[in-house]
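To start, the structure under review is shown below, and the notes come after it.
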Amino acid sequence: VGHAIGDAEMLRSAYWCVRESLCTAGVPDDWLDGSGPVRVLKGGYLAHRSICKTPLKVLSKALLEDASLKQRKWLTSTDCYTLCQVHRKRSEDGGYP
């Protein structure tokens with residue numbers, strides 16, 4: 001439904017629901033063999049009965065948004081430790097000053 005009407009919030013919710021389900025328990029067997037109401041179809045479609053067929057690719061926008069948000073979070077400076085590399089030069093006698 002979210003894909004059909006272009007509802008980004010609904011697609012984001014669907015992405016997190018599917019992701020949580022797959023990451024905790026893996027792909028259910030009945031999704032693959034078609035014995036349950038939800039099936040994974042050839043070509044990367046998630047189908048619920050014969051009513052709704054959604055390409056999994058439409059959920060990728062939520063994944064990209066999440067990755068972008070995490071990247072911005074790590075690139076934003078905060079009041080915490082900053083890791084850096086110090087390049088020291090040896091003096092003429094071979095030691096460090």
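Every heavy atom of this structure was used, including side-chain atoms; hydrogens, water molecules and symmetry mates were not.
The minimum heavy-atom distance between Arg90 and Gly94, with the atom names listed, is NH1-O, 2.6 Å. Taking every heavy atom of both residues into account, Leu59 and Leu11 meet most closely at CD2-O, 3.6 Å.
Atom CG of Asp29 has 12 or fewer neighbouring heavy atoms from other residues, nucleotides or ligands inside a 6.0 Å radius.
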Trace of the side-chain contact (heavy atoms from CB on, under 4.5 Å) decision for Arg72 with Leu69: CA-CA 5 Å; Arg72 276 188 306 229; Leu69 180 66; 3.6 Å; yes
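Residues satisfying the side-chain hydrogen bond (donor to acceptor under 3.5 Å, both in side chains) test with Glu9, not counting sequence neighbours, are Arg12.
How far CZ of Arg39 is from CG of Asp30: 11.5 Å, rounded to the nearest 0.5 Å. For the atom pair CZ of Arg19 and CG of Leu63, the computed distance is 7.0 Å after rounding to the nearest 0.5 Å.
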